[in-house]
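Here the structure is laid out as structure tokens; the discussion comes afterwards.
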2 protein chains.
Amino acid sequence: MSNQFGNKIRLLREENNLLLRQVAPLLEIDSPQLSKIERGERQAKKEYIPLFAKIFKVTIDELLTLWLADQLFDVIQGEPMADEALKSVSKTIKRKK
Amino acid sequence: MSNQFGNKIRLLREENNLLLRQVAPLLEIDSPQLSKIERGERQAKKEYIPLFAKIFKVTIDELLTLWLADQLFDVIQGEPMADEALKSVSKTIKRKK
DNA sequence: TTAGATTTGCATAAATTTGACAAGTCAATT
DNA sequence: AATTGACTTGTCAAATTTATGCAAATCTAA
């Protein structure tokens, strides 16, 4: 499983010496929910990203990248054609620029 | 928007001179639904892929790749960090092999 | 043990997706 | 212009998925 986002959040929270119950209310969720997000049991809502960025003083882009990577991983995990599909999307994206 | 899967299905259906109402029942859906799938208004269920492959005599892998690419595209469309995220996932995948 | 922190499990609620149907458009035919 | 056949559009309720909140359990350190 890939949980780059949750891992990063937990790291940041610990570096800032904050407890789940201190951070959770800032997102208007309860501690168990935040715990689940950090452990990857559940995906963070996209709307939380700017809040996390502000709380931990990191860029939105940094967190957004990790969050997107997790979403992408969910789609292709265990898929034999994952590589092909990723290449195809990369090309499509480049064309669009 | 990316609708590689639906486009391919429509192409295959036309090449085989089949009508929506001929193909839809094979998937146990009605024609409007199939129409929506082909036009990308709706995503095909994953379970349909082997059925499509059989109907049109193409490989599952070919269709699965297109289907996955559409799912991936949905995640990253319009995202500024799409490229970074894609790279990150590609790496993760390679590590797993 | 006790207290504080985190995790687990479950029940409900909310959101999203799906399927079915009726009505609509469009093009070709008569 | 009316009919026919193919496809599209819009809506609504059912089904599935995902989120939320709480209570209880587990873990950890003093």
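Order of the sequence lines sets the chain letters (A, B, ...), proteins ahead of strands, with each chain counted from 1. Any value given below was found using the heavy atoms of this structure, including those in side chains, with hydrogens, waters and symmetry copies removed.
Applying the 6.0 Å contact sphere to CD of E28(B) captures no more than 12 heavy atoms from other residues, nucleotides or ligands.
Toward the 5' end of DNA chain D, the nearer of the two residues L19(B) and E41(B), judged by each one's closest nucleotide, is L19(B).
Between A24(A) and L34(A), the closest heavy-atom pair is N-CD2, 3.7 Å. When all heavy atoms of L63(B) and A53(B) are compared, the pair lying nearest together is CD1-N, 3.6 Å. Closest heavy-atom contact between V89(A) and A69(B): CG2-O, 3.4 Å. Closest approach of L26(A) to L51(A), counting heavy atoms only: O-CD1, 4.2 Å. Residue E38(B) comes nearest to N3(B) through the heavy atom pair O-ND2, 2.9 Å, listed as atom of the first residue, atom of the second, then distance.
Side-chain atoms of Q4(A) and S88(B) include a donor-acceptor pair closer than 3.5 Å.
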Within the 4.0 Å limit for protein heavy atoms, which parts of nucleotides 16-22 of chain D are touched? Write it as a string from 5' to 3', B for base, S for sugar-phosphate only, - for none. ---SBBB
Salt bridge (Lys or Arg N to Asp or Glu O under 4.0 Å) evaluation trace for E79(A) with K46(B): CA-CA 12 Å; E79(A) 289 294 347; K46(B) 203 176 170 189; 2.4 Å; yes
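Rounded to an integer number of Å, the gap from CG of L20(B) to C1' of dT8(D) is 9 Å. As a whole-Å value, the separation of Q22(B) CD from dC7(D) C1' is 13 Å. In this structure, N17(B) places its CG atom 11 Å from P of dC7(D), rounding to the nearest Å. To the nearest angstrom, C1' of dC21(C) lies 18 Å from CZ of R21(B). For R39(A) and dC27(D), the CZ to C1' distance is 13 Å, given to the nearest whole Å.
Within the 4.0 Å cut-off from OP1 or OP2 of dT8(D), at least one side-chain nitrogen or oxygen of R10(B) is found. Taking 4.0 angstrom as the limit, R13(A) places none of its side-chain polar atoms (N or O) nearer than this to OP1 or OP2 of dA5(C). At the phosphate of dT7(C), OP1 or OP2 sits under 4.0 Å from a side-chain N or O atom of S35(A).
The aromatic rings of Y48(B) and F52(B) stand perpendicular to each other, their planes meeting at an angle above 60°, with 30° marking the opposite boundary.
Note that the two end axes of the helix from dT1(C)-dA30(D) to dT30(C)-dA1(D) enclose an angle of 20°, each drawn from 5 base pairs, rounded to 10 degrees.
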